[in-house]
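The structure appears right after this line, and notes come after that.
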Amino acid sequence: MDKEKIIVTSALPYANGPIHLGHLSGAYLPADIYVRYKRLIGSNIIFICGSDEHGVPITITADKEGITPKEVIDRFHNINKQAFEQFGMSFDIYSRTSLPIHHETSKEFFLNFYNQGILNEKKSLQFYDEKAKMFLPDRYVEGTCPNCGNEQARSDECENCGALYDPADLKNPKSKITGQTPVLKETSHYFFPLGKYQSRLEEYVAQMSKKYGWKDNVLQYCRGWFKDGLQDRAITRDLDWGVQVPLDDAQGKVLYVWFEAVLGYISATKELSRIKGDENLWKKYWQDTNTKYVAFIGKDNIVFHTIIFPSMLMAWNDANTDKYVLPQNVPANEFLNFEGKKFSKSRNWGIDVIDFLKLFPADPLRYCLAANLPENRDTDFYWKEFQSRNNGELADILGNFVNRTFTFVHKHFDGKVPEKGELKPIDQEILNLLSGYPKKVSDLFEKYKIKDGVAEIMNLARAGNKYFNDSEPWKSVKSDKEQCATTINLSLQIIYTLAEMFYPVIPFSAEKLFKMLNAAPTDWFKSGEANLKAGHVLNKAEILFTKIEDSVIEKQMSQLGSTSETPQETEKFEEITIDDFLKVQLRTAEIVSAEKVAKSDKLLKLKVNLGFEQRQIIAGIGKSFQPEDLVGKKVIMVANLKPAKLMGLESQGMILAVEGSDGKLSLLQVDGSIKPGTRAR
RNA sequence: GGCGGGGUAGCUCAGUAGGUUAGAGCAAUGGAAUCAUAAUCCAUGUGUCGGGGGUUCGAAUCCCUCCCCCGCUACCA
């Protein structure tokens, strides 16, 4: 078989937080299984990943914690790198986009596009916050719409009336960061003309998907983007954290993260070349039309890998003789939820990889996630399912089959592979099954049906148990030793096949299995044959999987959602003076009427009695309360909040509520004897 | 509200070029076996395939409509 040359990438995780189980299910575990399988069939493959370390959210985290962005990325790069290692991710390199090689690569792409003249430079007046010393992105500015008077208009458009205008016309602009009045300064940005590539992209997607069978969910996303029409996208920003725009007149500008992050795959491969001492290694993969490039991602990343990255590579290829390969397949997964709800750090819902691996070994997690990958739709991780997969499948089906065979061989055959004798139909049947297995599983993995493949492998362990049962070696050992030897010989061959088939899924346990067998993996497609010679000496058996007790699982479940236990230790509060506090007028108010705001999911229009006057409040609490239940309640409100318009309705204050771990709101209330309008202090 | 994804057995999930009695694993019930981590093996499902309508000889699968859930987004003052 020809050695396929393959690049596999997993989405670069953002170095602004630890990765959780959902991330693993989306872009990492399926990729690792695929890569390990491909290595076993002899493909020439490299597996690339790294941290994505630029962008605004990282600077915000840094500001909040009073540290530098560098400290933020160092922390999460190391945490995530370690988590991946413990989980058994077999990346050839786990790089990072803060490395000089990445900055150089990104600049090279930018300059190439710039010199080709395909980038559009657009000048515009943007608000500049002199106190924060930064240009303000549109969503950080608000003011009064020159058209309708809406006070929450953005700098260049009003969402209330839909008007578009020049930022200079916005009245009373305010910076949302400092509250200062920003000034207008001229700035210019470069735009990548995505629209120009639309027809080529559509053709590319159509061809690749037809030829290589792209997943349905991926095509649906692409269709949506194509239908809306691709727009020019700005590829620069006024910011100081990121890759500097390599032009003399572009001081204080960096490349927008979406532009450079995908290039991280290439720069990481360059880094790998450097480490391996083969300068041109990366070119042999990225710039060879025979290379098959597969990008594993979660669904949130589809547009970047099927549209943006390919269009950038097209633009490069148009002007260079060294041409990059485009993704041949983008097997994006949906999302993994946790116990029925999506992962949420703030609600303490879910578990980080690094924490999980402190409690349990990697393999049970790998198996459990692999058996329920969100390949077709969102799926859930349940603690109970994890326990039952570990105990009922890994320990009872696979572990026990191995264990019963090994104890038998040590007890009756001196720890050596016994010679097989004449084959009965039952033996021939299992041999046939065995020899067809590598192809059966391979066919599924090649189509990225990892979940089905994994289920199929476990079925082989089931078949092993059945074969052992039906053959009854514990009887034949007394009546027909030759027949017994055949049974045990074949059972050991099954274990060998299992070790190989399971290696991509549960590598740590598979290695133990090979050690017990005193053997090494072979070519994948030969692993269904008789690989153990009679007389081959086996090692002692060890327990592969220990069972997980109910109490251990229950403890984990009981800790879920209990945010009160860890009252956000990491959050630091800015101190304020008593005078600052007294600026806020908290007063009791009685709700006199409540009704839903038309065409709104969660807004309620409330009339409240403040004692000295009535107010109208538009509150976003409609998902937690029925309007009729609110009437008569005495709540706490901010009485001197500047009025604002929501859905065209004026809101003259804000009532206070807290959000529970389930997302339901609870109102701050006082008892009935307190008069409306009483100030809280 | 807009866009996208879903609603199949008690639970977690498969299943669309429309076609014989709709599947798997788990759980449940009964049985067999005792080599083995009390582990295994066999048998057992009256599931309105979210509701209603339509196309068709035939629909979980195609069309229309309604209901519910999830995500993103617009409104969380």
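Per chain, numbering begins at 1; letters A, B, ... match sequence-line order. Computed over heavy atoms, backbone and side chain alike; hydrogens, waters and symmetry mates excluded.
Contacts of A:Leu641 with the nucleic acid, taken as non-hydrogen atoms under 4.0 Å apart, involve only primed sugar atoms and P, OP1 or OP2. Nucleic acid contact for A:Asp216: base, since at least one base atom lies under 4.0 Å from a heavy atom of the residue. Nucleic acid contact for A:Ile655: none, since no nucleic acid atom lies under 4.0 Å from a heavy atom of the residue. When heavy atoms are screened at a 4.0 angstrom cut-off, A:Phe545 is found touching base atoms of the nucleic acid. Residue A:Gln652 is out of contact with every strand shown, counting any heavy-atom pair closer than 4.0 Å. At a threshold of 4.0 angstrom between heavy atoms, the contacts of A:Arg389 with the nucleic acid are absent. A:Ala619 comes within contact range of the sugar-phosphate backbone alone, with a heavy-atom separation under 4.0 Å but no base atom that close.
Donor-acceptor pairing under 3.5 Å, judged by distance alone, is present between the side chain of A:Asn400 and the base of B:A36.
Remark: A:Glu542 does not engage A:Lys540 in a salt bridge, criterion side-chain N to carboxylate O under 4.0 Å. Comment: A:Glu334 does not engage A:Arg377 in a salt bridge, judged by the lack of any side-chain N to carboxylate O separation of less than 4.0 angstrom. Note on A:Asp396 versus A:Lys547: salt bridge recorded, some NZ/NE/NH1/NH2 to OD/OE distance being below 4.0 Å. Between A:Glu511 and A:Lys515 no salt bridge is recorded (no basic side-chain N to carboxylate O distance below 4.0 Å).
For B:C35, there is no paired base (Watson-Crick or G-U wobble, both distances below 3.5 Å). When Watson-Crick and G-U wobble pairs are counted only if both distances are under 3.5 Å, B:C3 pairs with B:G71. When both pairing distances are held under 3.5 Å, B:U56 makes no Watson-Crick or G-U pair with any nucleotide shown. Across all strands shown, B:G30 forms a Watson-Crick or G-U wobble pair, both distances under 3.5 Å, with B:C42. Across every strand in view, B:G25 sits in a pair with B:C11 that passes the Watson-Crick or G-U test at under 3.5 angstrom. Here B:U48 sits opposite no nucleotide as a Watson-Crick or G-U wobble pair (both hydrogen-bonding atom distances under 3.5 Å).
For the pair A:Glu339 CD and B:U12 P, the computed distance is 11 Å after rounding to whole Å. The nearest whole Å value for the distance from the CZ atom in A:Arg404 to the P atom in B:A39 is 13 Å. In this structure, CG of A:Asp396 is placed 7 Å from C1' of B:U37, rounded to the nearest angstrom. Here B:C41 presents its C1' atom at 13 Å from CD1 of A:Ile430, a figure rounded to the nearest Å. Between A:Asp300 atom CG and B:C70 atom C1' there is a gap of 15 Å when expressed in whole angstrom units. In this entry the distance linking CG of A:Asn469 with P of B:C42 reads 8 Å, nearest Å. In this structure, A:Asn333 places its CG atom 16 Å from C1' of B:G71, rounding to the nearest Å. In this structure, the CG atom of A:Asp470 is 13 Å from the P atom of B:U34, given to the nearest Å.
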TODO: Any chance you could lay out the ring pair (Phe, Tyr, Trp, His ring centres under 6.0 Å) test for A:Tyr496 and A:Phe514, step after step, and finish with the verdict?
DONE: CA-CA 7 Å; A:Tyr496 182 92; A:Phe514 278 119; 5.6 Å; yes
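If you check residues 374-385 of chain A against RNA chain B, the residues with a heavy atom closer than 4.0 Å are A:Asn376, A:Arg377, A:Thr379, A:Asp380, A:Tyr382, A:Glu385, listed by number.
A ring-centre distance under 6.0 Å is not found for A:Tyr367 and A:Phe545. Checked against a 6.0 Å centroid threshold, the rings of A:Trp349 and A:Phe381 do not count as neighbours.
At a cut-off of 3.5 Å, with distance as the only test, no side-chain donor of A:Arg462 or A:Asn465 sits close to an acceptor on the other residue. Between the side chains of A:Asp427 and A:Thr486, not a single donor N or O lies within less than 3.5 Å of an accepting N or O.
Nucleotides B:C64 and B:C3 are separated by 14 Å at their P atoms, to the nearest Å. Annotation: B:U65 and B:G71 have their C1' atoms spaced 24 Å apart (nearest Å). Separating the C1' atom of B:U44 from that of B:A36 is a span of 27 Å, rounded to the nearest Å.
A:Lys451 has no side-chain polar atom (N or O) that falls below the 4.0 Å cut-off from OP1 or OP2 of B:U12. For B:A36, the OP1/OP2 oxygens have a side-chain nitrogen or oxygen of A:Lys411 closer than 4.0 Å.
Applying the 5.5 angstrom centroid cut-off and the 30 degree plane-angle cut-off, the aromatic ring of A:Phe408 is not stacked upon the base of B:C35.
Nucleotides of RNA chain B nearest to A:Asp452 and A:Lys466 differ in position, and the one nearer the 5' end is that of A:Asp452.
Distance from the side chain of A:Asn403 is smallest to B:A36 among B:C41, B:A36, B:A39.
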